[in-house]
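Every chain is numbered from 1 and lettered A, B, ... according to where its sequence line falls, protein lines coming before strand lines.
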Amino acid sequence: MLPRSFYAQPTLMVARQLLGMRLARLVETPNGVLSIHGIITETEAYTGKDDLACHARAGRTPRTQVMFGPPGHAYVYFTYGMHWCLNFVTEEDGVAGAALIRAIEPLDSQEWIAARRPGRPPAEWCNGPAKLCQALAIDGALNAHDLCSAQSRLYVESAPPIPDSRVTIGPRVGLNNTPEPWKSIPWRFRVSPPDPSNG
DNA sequence: AGCACGATTAACT
DNA sequence: GTTAATCGTGCTC
């Protein structure tokens, strides 16, 4: 499991370095605890009070206080009246920041995930921030969850890093009403889709 | 107390 | 390409 010092880095570094690492989620089943894993393939950086796209722009509120707290905790928020999104709190204690997890590629537990994403093809199980929360049973109950404790049910495991040659960087998405320059600043990181001409 | 809107998704034309 | 779904949050009055 990644140590808290990883999350204590600047938000942009955390968001970039999360690509390729393994998200782990432990859930209860009738047969015991199931451990679900997926490779993180897309993230975005939300850098704190001065980032007008970041919820922390409002300062410390009941909703945002987790982002101002110690690094290595989950920030899970509710939006559009029905969706949950998962972030990891970054920066030192007292400084707001978070990396949004936008997509993963499931490595196991396909049968369990399929039951939570009925009628959707496997490629669309976890290719969106709210989709992966639906797939992995992540909701407000996991807000402020410690990602670095021995009994954590949500954490990240180290894995070989993704080289820059395989990373696409661009503007964050869904910021329709956010002013420039934050709307266009390239703080989205994703593993590049396969190149058909390259095998 | 009231209001506009959202770090989205799925279904529809 | 467009739009409904659906409610917590933060801002204004």
Side-chain angles (χ1 to χ4, degrees), chain A residues 7 10-19 21 23 25 38 40-69 71-91 95-106 113-145 147 154 156 167-191 193:
Chain A
Y7 302 97
T11 307
L12 287 167
M13 294 187 61
V14 175
R16 168 62 181 86
Q17 292 173 31
L18 279 171
L19 294 182
M21 297 197 179
L23 179 66
R25 168 81 173 113
I40 297 173
T41 57
E42 183 178 346
T43 64
E44 284 177 358
Y46 288 85
T47 62
K49 281 166 63 177
D50 298 331
D51 175 3
L52 291 195
C54 181
H55 295 159
R57 68 187 181 277
R60 279 187 190 259
T61 68
R63 181 204 204 188
T64 65
Q65 61 177 350
V66 171
M67 269 195 288
F68 286 85
H73 291 251
Y75 166 50
V76 183
Y77 70 86
F78 183 68
T79 191
Y80 289 102
M82 66 193 91
H83 298 305
W84 297 96
C85 293
L86 171 67
N87 300 251
F88 300 150
V89 174
T90 58
E91 310 278 353
V95 178
L100 171 69
I101 309 304
R102 287 194 59 88
I104 66 172
E105 287 180 4
I113 291 174
R116 295 193 58 85
R117 304 281 297 140
R120 282 90 172 176
E124 292 173 19
W125 282 346
C126 299
N127 64 339
K131 295 179 189 180
L132 72 90
C133 285
Q134 168 104 29
L136 299 191
I138 294 166
D139 63 17
L142 283 171
N143 190 39
H145 192 79
L147 307 172
L154 182 68
V156 182
V167 175
T168 300
I169 301 177
R172 297 172 291 183
V173 300
L175 308 186
N176 269 0
N177 221 322
T178 300
E180 300 290 359
W182 297 278
K183 181 175 177 176
S184 300
I185 196 165
W187 287 351
R188 179 194 194 195
F189 304 88
R190 57 179 167 152
V191 179

Could you tell me whether A:Thr61 contacts a base, only the sugar-phosphate backbone, or nothing, with contacts defined as non-hydrogen atoms closer than 4.0 Å?
-> sugar-phosphate
Can you find a side chain N or O atom of A:Lys131 that sits less than 4.0 Å from OP1 or OP2 on B:dA10?
-> yes
Carboxylate-amine/guanidinium contact A:Glu44 A:Arg102, below 4.0 Å = yes
Quantified in whole Å, what is the P atom distance between nucleotide C:dT6 and nucleotide B:dG2?
-> 23 Å
Between C:dT6 atom P and A:Tyr80 atom OH, what is the distance in whole Å?
-> 16 Å
What pattern of brackets, bars and dots sums up DNA chain C from 5' to 3', given Watson-Crick or G-U wobble pairs under 3.5 Å, [ ] for crossing pairs and | for another strand?
-> |||||.||||||.
N/O donor to acceptor pairs below 3.5 angstrom from side-chain atoms of residues 84-91 of chain A, sequence neighbours left out:
unit_1  : atom_1 : unit_2  : atom_2 : d
A:Asn87 : ND2    : A:Tyr75 : O      : 3.2
A:Thr90 : OG1    : A:Thr11 : OG1    : 2.7
A:Thr90 : OG1    : A:Gly97 : O      : 3.3
A:Thr90 : OG1    : A:Ala98 : N      : 3.3
A:Glu91 : OE2    : A:Thr11 : N      : 3.0
A:Glu91 : OE2    : A:Thr11 : OG1    : 2.9

If you check every side-chain atom of A:Val173, which of C:dT6, B:dC5, B:dT8 has the closest atom?
-> B:dT8
Which nucleotide sits closest to the side chain of A:Thr64: B:dA7, C:dG10, B:dC5?
-> C:dG10
Could you check whether A:Leu100 gets within reach of a base, just the sugar-phosphate, or nothing at all, counting any heavy atom under 4.0 Å?
-> base
Whole-Å distance separating the CZ atom of A:Arg116 from the C1' atom of B:dT9 = 16 Å
Please tell me which of the listed nucleotides, C:dG8, C:dG10, B:dT8, lies nearest to the side chain of A:Phe78?
-> C:dG8
Check whether any side-chain nitrogen or oxygen of A:Arg120 sits under 4.0 Å from OP1 or OP2 of B:dA10, and answer yes or no.
-> yes
